Amino acid sequence: MENREFISIEDVAMWYPYKGKDKAKATGKKNWIKAVDGVSLSIKKGEILGIIGESGCGKSTLGRILTRLEKPTKGDCFINGVSTGAMIKKDAKEFHKTVQIVFQNPFDTFTPRDTIGKILMRPLKNYKIGKNDQERYQICLKGLEQGGLRPAEDIMKRFPHELSGGQLQRISIIRSMFLNPQFIIADEPVSMLDVSVRADIINMLIDLSRNQGAAVLFISHDIALTRYISDYIAVMYLGRVVEYGTADDVIKNPQHPYTKALISNCASIDPEEKVQNIAIEGEPPTPLNPGPGCYFEPRCYCACETCRQSYPEKIVMENGHWATCSRINK
């Protein structure tokens, strides 16, 4: 594994103009829904970065930005020092070979009228992988066999609706592997699957990262699963990263009140450990012009006056572990 940063996410934001009518309009200022608000992270080759947080925190929007399905309001993502914005302008086809995404719902991933054979053969033809159709067919069979989908010849003849969600998600990852991508975004890839097949999908992603040296962004609300698969974890709240560190540091030694609350309500992390649940009052506030203080302050169990006045600075601890909270070490 290389030591230098391979994926660099620099001050990425996704703001949508708000057109609703409310009291905020009386200020005369343009209102923004800040879905992602100044995110900076990095991932090395062969490394998995997990992103956790409640629904609506901006996890999936960040993933769409990194695959250029959304053009960020500001900031950019760099792959090996090259802007993804510049990459897609220069050669969109090469960019989509380099960056692949695994979506949450495998049933929406494939064209229902095509057989699995056609679905797997298409990218091989488009990217001229294999000398001819016979060789491409063999590549598909080998990929299916390695992914535990047997008999491969039978799977190739089937249509998506004839397979389970777990089988389709494995096929989605196999298809990505054919292109030897350098960056994989996995957006809740197992949330719609049975527990019995989740381990297979997770192990495929780990193999993709370790064996092919791909950088992986793993988006999930499942904290225990994210801890298992990830080298590092970033915790998002209302469009911002509030805590970041190694998976063990974030889970075993959380510093931000929001992270502590999330983990305290996740009983599956360590069944033998007795943890007192920390209640988070209310629903996440709207991302419409949040601030000026800490975005979590209205729901925080230990907020003070300082939290209401300004957004807290990043506090860096040991091992690169950091959090944005004015109450740290107090």
Side-chain angles (χ1 to χ4, degrees), residues 5 8-15 24 27 29 31-43 49-59 61-62 65 72-75 219 221 223 226-227 230 232-266 275-330:
E5 297 173 357
S8 182
I9 304 165
E10 298 185 5
D11 197 28
V12 164
M14 190 72 241
W15 295 4
T27 63
K29 297 180 180 179
N31 294 303
W32 298 95
I33 295 173
K34 299 180 179 180
V36 175
D37 191 19
V39 170
S40 295
L41 294 165
S42 63
I43 316 173
L49 170 63
I51 304 284
I52 61 173
E54 293 171 293
S55 296
C57 72
K59 305 187 300 293
T61 302
L62 178 62
I65 291 171
T73 306
K74 68 172 183 174
I219 299 169
H221 63 273
I223 297 173
T226 304
R227 178 191 185 186
S230 304
Y232 290 84
I233 290 177
V235 183
M236 285 189 72
Y237 184 80
L238 217 62
R240 288 192 172 185
V241 175
V242 297
E243 186 158 357
Y244 169 87
T246 66
D248 280 347
D249 281 345
V250 171
I251 300 301
K252 294 181 179 179
N253 187 30
Q255 295 296 309
H256 197 281
Y258 177 62
T259 311
K260 291 179 181 179
L262 284 181
I263 292 172
S264 76
N265 287 280
C266 180
V275 179
Q276 185 176 357
N277 291 354
I278 300 173
I280 304 178
E281 300 295 334
E283 296 294 324
T286 173
L288 174 63
N289 295 332
C294 175
Y295 294 178
F296 186 57
E297 180 272 326
R299 305 172 70 199
C300 185
Y301 56 90
C302 62
C304 63
E305 186 59 35
T306 302
C307 305
R308 301 181 184 92
Q309 294 174 353
S310 61
Y311 197 88
E313 297 291 327
K314 180 192 297 185
I315 306 297
V316 181
M317 293 150 284
E318 294 182 356
N319 205 25
H321 184 190
W322 60 261
T324 55
C325 179
S326 58
R327 304 285 291 179
I328 293 176
N329 298 326
K330 289 185 181 180

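This chain uses plain numbering: 1 for the first residue, then up along the sequence. Only a predicted model underlies this, so the values are computations on that prediction, with no experimental measurement involved.
Distance check: M236 CE to Y258 OH gives 10.0 Å after rounding to the nearest 0.5 Å. The distance from the CG atom of D37 to the OG1 atom of T61 is 12.0 Å, given to the nearest 0.5 Å. Note: K252 NZ to T246 OG1 = 9.0 Å, rounded to the nearest 0.5 Å. The CG atom of D249 sits 5.0 Å away from the CG atom of N319 when rounded to the nearest 0.5 Å. A distance of 10.5 Å separates CD of E297 from SG of C302, quoted to the nearest 0.5 Å. To the nearest 0.5 Å, the span separating CG on L62 from CD1 on I219 amounts to 6.0 Å.
For T226 (side chain) and G50 (main-chain N/O), no donor-acceptor pair under 3.5 Å exists by modelled atom type. A donor-acceptor pair is defined here as one N or O able to donate and one able to accept, closer than 3.5 Å; such a pair exists between the side chain of E243 and the backbone of Q255. At distances below 3.5 Å, not a single donor-acceptor pair connects side-chain atoms of S230 with backbone N or O atoms of A247. A donor-acceptor distance shorter than 3.5 angstrom exists from the side chain of S40 to the backbone of D11, with no hydrogens or angles considered. Judged by distance alone, the side chain of H256 and the main-chain N or O of T324 form a donor-acceptor pair under 3.5 Å. K59 places a side-chain N or O within donor-acceptor distance of the main-chain N or O of E54, the cut-off being under 3.5 Å.
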Evaluation steps, side chain to side chain contact (heavy atoms under 4.5 Å, CB included), between I51 and L41: CA-CA 11 Å; I51 304 284; L41 294 165; 3.9 Å; yes
Run the side chain to side chain contact (heavy atoms under 4.5 Å, CB included) test on N253 and M317 for me, step by step, so that the C-alpha distance in whole Å, both residues' side-chain angles and the decisive distance to 0.1 Å come before the verdict. CA-CA 11 Å; N253 187 30; M317 293 150 284; 5.8 Å; no
Give the intermediate values and the outcome of side chain to side chain contact (heavy atoms under 4.5 Å, CB included) for residues V241 and W322. CA-CA 10 Å; V241 175; W322 60 261; 3.5 Å; yes
Please lay out, stage by stage, how I280 and F296 fare under the test side chain to side chain contact (heavy atoms under 4.5 Å, CB included). CA-CA 10 Å; I280 304 178; F296 186 57; 4.0 Å; yes
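Considering every non-hydrogen atom in both Y244 and S42, the closest pair reads OH-O, 4.2 Å. S264 approaches A261 most closely through the heavy-atom pair OG-O, 2.9 Å. The minimum heavy-atom distance linking H221 with G53 is given by the pair CB-O, 4.0 Å. Residues Y295 and P298 approach most closely at O-CD, 3.4 Å, considering heavy atoms. Between P292 and R308, the shortest heavy-atom distance links the atoms CG-O, 4.3 Å. Scanning both residues, P290 and L238, for their nearest heavy atoms gives CB-CD2, 4.0 Å.
When each of I251, I52, V250, I263 is checked for a side chain to side chain contact (heavy atoms under 4.5 Å, CB included) with R227, only I251 meets the rule.
Cation-pi geometry between R240 and Y311 is met: under 6.0 angstrom from the ring centre, within 45 degrees of the axis.
When the shell of 6.0 Å around CD of E305 is examined, it contains more than 12 heavy atoms from other residues, nucleotides or ligands. A 6.0 Å sphere centred on CD of Q309 holds more than 12 heavy atoms belonging to other residues, nucleotides or ligands.
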